[in-house]
Chemist: 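This is the structure, below, for whatever I ask next.
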Amino acid sequence: MDVQHNAGQPLVIALLPAAGLSLAILAGLAAVLAGFGHRLGWWHYRTGFMVLKGAAYLGVAAAAMSLAGLIVTWPLLLRQSAVLSLAGILVGLLTASIPWSWQRAVKQVPYIHDISTDMENPPKFSAVLPIRRDAANPAEYGGPDIAAKQRKGYPDIAPLHLPVRPDLAFEQAVHAAREMDWEIVDASSGQLRIEATDTTFWFGFKDDVVIRITPEQEGSRVDVRSLSRVGKSDVGTNAKRIRAYLRKLK
């Protein structure tokens, strides 16, 4: 019995790094599928979050198995096994870090999903209302409570002042929205308003944007509001979107 046990040890040692990497790859594929499965309409986004959470646990297990494989193969100077083990650790930890980074971001940003450069008189949605009628989040602005949280979390979000006529500012605003790859729902040069929808890459979440141009004595003022259709927290996505858009306009 001892002879058989000892003879089987090299096989177990040889398989451990490969098994760890295989488990890590499986975890990574599950994480990728968690988001794209929702985007393709296979399941609800909450199901996708559950799949992502399971992928994270699987990634931790894969990293632990790969670390064990590295420890047992290192004294034997098995270079290929060491490479497989290191790859398994890397892929496993990267997969596990995705939901961890999201949870960390949720704690660091305001627990809101509606961001506006004008919190006293936020731009109102109109053209997108029919296509977001089933959205979990209402299109109406949340009021002083939301504004206070935004001011505390995103003090840099403010209107953009352009030294050009309103009609030119409108043209620039439309061009910048297209460069952002947003779906333009309505662009009214008469009202100096633009409404659009942005779809996130991974989960395919749809967030709506409204842009308002206001004439000023020395040019034009641009206000932007970005609102998520689902989710109580946007994990900072709407603020990042507004910042990126205003940078393009500058």
Side-chain angles (χ1 to χ4, degrees), residues 1-111 113 136-137 181 198-207 228-241 244:
M1 293 295 292
D2 290 340
V3 174
Q4 293 177 354
H5 176 72
N6 292 334
Q9 279 185 340
L11 180 60
V12 173
I13 292 174
L15 290 178
L16 197 56
L21 178 58
S22 298
L23 192 62
I25 293 174
L26 180 63
L29 291 175
V32 171
L33 193 61
F36 285 113
H38 171 259
R39 181 164 188 157
L40 294 172
W42 294 350
W43 48 58
H44 194 273
Y45 73 89
R46 291 192 180 91
T47 302
F49 287 162
M50 291 177 61
V51 173
L52 184 59
K53 184 177 181 180
Y57 285 124
L58 201 61
V60 171
M65 183 181 295
S66 297
L67 179 60
L70 181 63
I71 292 173
V72 298
T73 57
W74 188 264
L76 302 177
L77 300 177
L78 300 176
R79 180 177 298 179
Q80 183 178 358
S81 295
V83 171
L84 292 177
S85 295
L86 290 172
I89 293 172
L90 179 62
V91 174
L93 291 180
L94 283 176
T95 302
S97 70
I98 298 173
W100 176 82
S101 64
W102 278 11
Q103 290 179 354
R104 185 167 177 265
V106 167
K107 295 178 181 179
Q108 292 179 336
V109 299
Y111 199 71
H113 54 264
N137 296 328
D181 291 327
D198 186 23
T199 303
T200 62
F201 172 73
W202 187 14
F203 271 78
F205 291 127
K206 292 187 178 296
D207 302 331
S228 301
R229 293 187 187 179
V230 298
K232 296 301 181 182
S233 171
D234 64 7
V235 200
T237 300
N238 287 302
K240 292 178 182 178
R241 179 180 294 115

Chemist: If I compare all heavy atoms of H113 with all of D234, which pair ends up nearest, and what's the gap?
Modeler: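 That closest heavy-atom pairing would be CA-OD2, 3.8 Å.
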
Chemist: Just to verify, what does A244 make a side chain to side chain contact (heavy atoms under 4.5 Å, CB included) with, not counting sequence neighbours?
Modeler: M180, R247

Chemist: Only distances under 3.5 Å count here; give the side-chain donor-acceptor pairs of residues 45-71 to other protein atoms, sequence neighbours excluded, each with its distance to 0.1 Å.
Modeler:
unit_1: S66; atom_1: OG; unit_2: A62; atom_2: O; d: 2.9

Chemist: Run the numbers on L33 and W43 for side chain to side chain contact (heavy atoms under 4.5 Å, CB included), then give the verdict.
Modeler: CA-CA 11 Å; L33 193 61; W43 48 58; 3.9 Å; yes

Chemist: Do you know which two heavy atoms are closest between L84 and P17, and how far apart they sit?
Modeler: CB-CB, 3.9 Å

Chemist: Drop me the distance from L21's CG to S81's OG, to the nearest 0.5 angstrom.
Modeler: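 One gets 11.5 Å once the value is rounded to the nearest 0.5 Å.
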
Chemist: How about H38 and W202: do any of their side-chain heavy atoms sit closer than 4.5 Å?
Modeler: no

Chemist: Are any of the side-chain heavy atoms of R39 and F203 separated by less than 4.5 Å?
Modeler: no

Chemist: May I have the step-by-step check of side chain to side chain contact (heavy atoms under 4.5 Å, CB included) for N238 and R241, ending in yes or no?
Modeler: CA-CA 5 Å; N238 287 302; R241 179 180 294 115; 2.8 Å; yes

Chemist: Could you tell me which residues satisfy side chain to side chain donor-acceptor pair (under 3.5 Å) with S22, sequence neighbours excluded, listed by chain and number?
Modeler: none

Chemist: What pairs with V106 under side chain to side chain contact (heavy atoms under 4.5 Å, CB included), at least two apart in sequence or on another chain?
Modeler: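 Scan of V106 (side chain to side chain contact (heavy atoms under 4.5 Å, CB included), adjacent residues dropped) gives Y111, S233, V235.
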
Chemist: Indicate the atoms forming the closest heavy-atom contact of T199 with K206, along with that distance.
Modeler: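 What the structure gives for the nearest pair is OG1-NZ, 3.0 Å.
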
Chemist: For L29, check side chain to side chain contact (heavy atoms under 4.5 Å, CB included) against everything at least two apart and list the hits.
Modeler: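 Counting only residues at least two positions away or on another chain, L29 forms a side chain to side chain contact (heavy atoms under 4.5 Å, CB included) with I25.
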
Chemist: Tell me every residue that passes side chain to side chain contact (heavy atoms under 4.5 Å, CB included) with S101, counting only those two or more places apart in sequence or in another chain.
Modeler: none

